[in-house]
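Worksheet: the structure to be examined is printed underneath.
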4 protein chains.
Amino acid sequence: MSKAPNPARRRESSRRAILAATAELCSQFGYGRLTIEAIAARAGVSKKTIYRWWPSKGAVALDLLDETATVAAAPPDTGDLAADLHSMLTEIIGMLTPPHNAPGPGVIAEALHDPDLARELRERLVRPRIATFRQRLRRAQDAGQLHPDADLDVALDLLYGPLYHRLALHLGMPDPAYLHSLIAHVLRALTPPTSSAPH
Amino acid sequence: MSKAPNPARRRESSRRAILAATAELCSQFGYGRLTIEAIAARAGVSKKTIYRWWPSKGAVALDLLDETATVAAAPPDTGDLAADLHSMLTEIIGMLTPPHNAPGPGVIAEALHDPDLARELRERLVRPRIATFRQRLRRAQDAGQLHPDADLDVALDLLYGPLYHRLALHLGMPDPAYLHSLIAHVLRALTPPTSSAPH
Amino acid sequence: MSKAPNPARRRESSRRAILAATAELCSQFGYGRLTIEAIAARAGVSKKTIYRWWPSKGAVALDLLDETATVAAAPPDTGDLAADLHSMLTEIIGMLTPPHNAPGPGVIAEALHDPDLARELRERLVRPRIATFRQRLRRAQDAGQLHPDADLDVALDLLYGPLYHRLALHLGMPDPAYLHSLIAHVLRALTPPTSSAPH
Amino acid sequence: MSKAPNPARRRESSRRAILAATAELCSQFGYGRLTIEAIAARAGVSKKTIYRWWPSKGAVALDLLDETATVAAAPPDTGDLAADLHSMLTEIIGMLTPPHNAPGPGVIAEALHDPDLARELRERLVRPRIATFRQRLRRAQDAGQLHPDADLDVALDLLYGPLYHRLALHLGMPDPAYLHSLIAHVLRALTPPTSSAPH
DNA sequence: TTGTAAGCGAGACGGTACGTCCGGTCTTCCG
DNA sequence: CGGAAGACCGGACGTACCGTCTCGCTTACAA
């Protein structure tokens, strides 16, 4: 039987060193060349220590991503729905097209093989953002800006989907203009048809 | 200088054996456990022969995918735009959630790291299907079923994007009902607003 | 920079398993068919472990030879110089024409290409035996059995040389009679000329 | 059944190109790095052509050695036995310590594993020289310069042996002075003891 | 004089082993 | 007694040569 390590005894300095080493190696050589061995060496840490607290390098990178990410706290509500969506999408775009060699795409790639990692990714990174998203959309719906029957799950797929699509095919993330067009189209799909008769 | 091998001398039987072995191993153990070494052994082929004709296991899997895929020849045009989109999307969904352990997602994961593979993937698998797609949409546009200013690139992103989105996060491919809803929303975004009562 | 492994942490059981496997494979298939890969497999050891401690298969075989060899401790001194030389040469002959497929000739062949291995061979196997040899000859010289000006280096060449000569050309090691004649000739070359006045 | 190739149809230009390429590669990279593939490439020749006429790279090198070697025709007889032996030994020393990276030692090393090559080596390179050697010694014996019972086989071993001995252990070939001493010792072993005071 | 059968270049092929890299586990010893 | 250090087994990597095997093409002997 494998004894679970006692988190209370975990040495914080090692944890930080490992994440820092991961970040450095990742930005230096890319996620593809990232290695548990290299992380251990760079962090001055035993491989065992890494394996004790993380199941895979993807999990380490996910932790790194989590710490790095802007805390997506409250749903921004400037009153302008399109602008709010724009800013929320832009945060994700930032994670998927980082300065260079960021861990984001690597973690996604690994999650394709690794259901556990995929679950962690959903629970810890994606879910809170989705919640924020849905909250904002619902508020718009309540305000009559969206069709009352509009499917918010579909809205999510329509807005986030293109990012993954373009990521997977190396098509480049949408520039602001394109993103604007994207949002406009989606909003048109969700807008009550009667909105066209103003007077 | 690396000399390029002469394709004329390529032995077709080896090529087929390699693709067959790849298919078997992939469906048996999954793309993740796929190995050049195992392919060579199973195909009764020297590793060198694989490396001579493919740069990576992803490239082999891509070839396999390419051969396996239904030839997406002419744009289906039953007159019912939604139905046509539905059938085109279903083909892709089939490639991304195959019977079991199909190479599709694996190749996409690998393409995230490997720009060359991503390019091949785009050129050989994706492009022809996109062409078909766009052709069908344009015809609908010409027929006045879509808004004349509708951005067809956006339409592509909106329709394909959700598949990649759900794939990346292990959310499961859309079932037919959901897909129907998705298409309905997108079409609403593209439909001329005045289509109902112009005057 | 390659870090040198720490010998204190070396696992003795692996070392012994490797040497044992080498011996078995060598006697079974001959030094020529000996392979690092096969040694590792037979010893139940990772190839890395072999490469960590030995630079080449020749070095492994040399270690084996070293352990196997009779410890050539004190110079035998029965009073009969010819007999002592005979027994010392016989030990070497044993190493060069072992029961079957012994590593001796293989190591020598490899040493012809590999200066490092040749040095090890000289230092660890040959040197102590030469020392013993020279010691015995010097004692004979002191006792007036040899010419006081006799060159002991030449004596070494004359006595050992024929073994390598015959080994290189597959002429078979000298049988005892021939060896006897050889020694007699060499001793005649080293004997004081005045020994011919018996009365 | 493998049909023996017809030597009459052999293309001389290929044969020469192969030997030339072997010589160049050998002197450039050493016998150890010599490769059938490299020879074929450098000679502008198909590998098959090499395998058609030679069983191994050692055999090619042996041919090269044979062509290169000075024809050891008649036994030199200047009247001075020691000087004649000296010159004969010097020829061999030249083959074993060539300018640099000569094939000599490599062929000998390979012959240690390969009985066929060893036989060829003996028959074609060594035998004629031994014959010359023995002829010269016998003439000296007939002239009363050597003991009538002296064993000429032993003499051969004593004179050639040291060269192989020193070659095998990377001790460097004898310099002229040492060689002189060697010969003097051997001759002393072979000289009639009564040569000083016959009556 | 013209087949036609060999030698030939080119080089793809099935193999075997190489030496390296990294994943995960296990052991030793230090603080 | 937790953790650094790192040796260890396992297994895949991509490469280098081996010796065999078609391919077309010349080249010289025989019909």
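A, B, ... follow the sequence lines: proteins, then strands. Residue 1 opens every chain.
For the pair L25(D) CG and dC17(F) P, the computed distance is 11 Å after rounding to whole Å. Straight-line distance from the CG atom of L34(D) to the P atom of dA16(F): 17 Å, rounded to whole Å. We find that CG of D114(A) is positioned 14 Å from C1' of dG23(E), with the value rounded to whole Å. In this structure, E12(D) atom CD and dC8(E) atom C1' are separated by 15 Å, rounded to whole Å. Rounded to whole Å, atom P of dC22(E) lies 13 Å from atom CD1 of I50(A). Atom CZ in R15(C) sits about 17 Å away from atom P in dA7(F), given to the nearest Å. For W53(D) and dC8(E), the CH2 to C1' distance is 11 Å, given to the nearest whole Å. Between the CD1 atom of I39(C) and the C1' atom of dA17(E) there is a distance of 12 Å, rounded to whole Å.
The side-chain contact (heavy atoms from CB on, under 4.5 Å) test applied to A17(D) returns A43(D), not counting sequence neighbours.
For the residue pair C26(C) and A102(C), the shortest heavy atom distance occurs at SG-C, 4.2 Å.
Across dC17(F), dC8(E), dC8(F), the shortest atom-to-atom separation from the side chain of S14(C) is found for dC8(F). Closest contact between the side chain of V45(A) and the listed nucleotides dC8(F), dA12(F), dA4(F) involves dA4(F).
A donor-acceptor pair under 3.5 Å is formed between the side chain of H170(B) and the backbone N or O of A111(A).
With contacts defined as side-chain heavy-atom distances shorter than 4.5 Å, the pair T22(D)/P103(D) does not qualify.
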Might you list the N or O atoms of the protein lying below 3.5 Å from N or O atoms in nucleotides 19-23 of chain F, with each pair's distance?
{"from": "dG19(F)", "atom 1": "OP2", "to": "Y51(D)", "atom 2": "OH", "distance (Å)": "2.7"}
{"from": "dG19(F)", "atom 1": "N7", "to": "K47(D)", "atom 2": "NZ", "distance (Å)": "3.1"}
{"from": "dG19(F)", "atom 1": "O6", "to": "K47(D)", "atom 2": "NZ", "distance (Å)": "2.6"}
{"from": "dC23(F)", "atom 1": "O2", "to": "R9(B)", "atom 2": "NH2", "distance (Å)": "3.4"}

Side-chain donor-acceptor pairs under 3.5 Å in residues 50-64 of chain C, sequence neighbours left out?
{"from": "W54(C)", "atom 1": "NE1", "to": "D63(C)", "atom 2": "OD2", "distance (Å)": "3.0"}
{"from": "S56(C)", "atom 1": "OG", "to": "G58(C)", "atom 2": "N", "distance (Å)": "3.4"}
{"from": "S56(C)", "atom 1": "OG", "to": "A59(C)", "atom 2": "N", "distance (Å)": "3.3"}
{"from": "K57(C)", "atom 1": "NZ", "to": "Y31(C)", "atom 2": "O", "distance (Å)": "3.2"}
{"from": "K57(C)", "atom 1": "NZ", "to": "L34(C)", "atom 2": "O", "distance (Å)": "3.2"}
{"from": "D63(C)", "atom 1": "OD1", "to": "R124(C)", "atom 2": "NH1", "distance (Å)": "3.0"}
{"from": "D63(C)", "atom 1": "OD1", "to": "R124(C)", "atom 2": "NH2", "distance (Å)": "2.7"}

Please tabulate, for side-chain N and O atoms in residues 5-14 of chain D, each donor-acceptor pair with protein atoms closer than 3.5 Å (sequence neighbours left out).
{"from": "N6(D)", "atom 1": "OD1", "to": "A8(D)", "atom 2": "N", "distance (Å)": "2.8"}
{"from": "E12(D)", "atom 1": "OE1", "to": "R15(D)", "atom 2": "NH1", "distance (Å)": "3.2"}
{"from": "E12(D)", "atom 1": "OE2", "to": "R15(D)", "atom 2": "NH1", "distance (Å)": "2.6"}

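Listed by first and then second residue, the side-chain hydrogen bond (donor to acceptor under 3.5 Å, both in side chains) pairs involving residues 34-46 of chain A are E24(A)-R42(A), Q28(A)-R42(A), E37(A)-K47(A) (not counting sequence neighbours).
Map A38(D) and T35(B) each onto its nearest nucleotide of DNA chain F; the residue landing nearer the 5' end is T35(B). When each of A43(D) and R33(A) is assigned the nucleotide of DNA chain E bearing its nearest heavy atom, the one mapping closer to the 5' terminus is A43(D).
Residue R10(D) is in sugar-phosphate contact alone, with no base atom involved, counting any heavy-atom pair closer than 4.0 Å across all strands shown.
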How far apart are the C-alpha atoms of L125(B) and V107(B), what are their side-chain angles, what is the distance that settles it, and do they pass the side-chain contact (heavy atoms from CB on, under 4.5 Å) test?
-> CA-CA 11 Å; L125(B) 279 189; V107(B) 171; over 6 Å; no
Report the C-alpha distance between D116(A) and R119(A) in whole Å, list the side-chain angles of each, state the deciding distance to 0.1 Å, and finish with yes or no for side-chain contact (heavy atoms from CB on, under 4.5 Å).
-> CA-CA 5 Å; D116(A) 293 341; R119(A) 193 175 35 70; 4.0 Å; yes
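Close to dG9(E), at under 4.0 Å from its OP1 or OP2, lies a side-chain N or O of T49(D).
Across the helix from dG3(E)-dC29(F) to dG31(E)-dC1(F), the helix axis at one end is tilted relative to the axis at the other end by 10° (nearest 10 degrees, each axis from five pairs).
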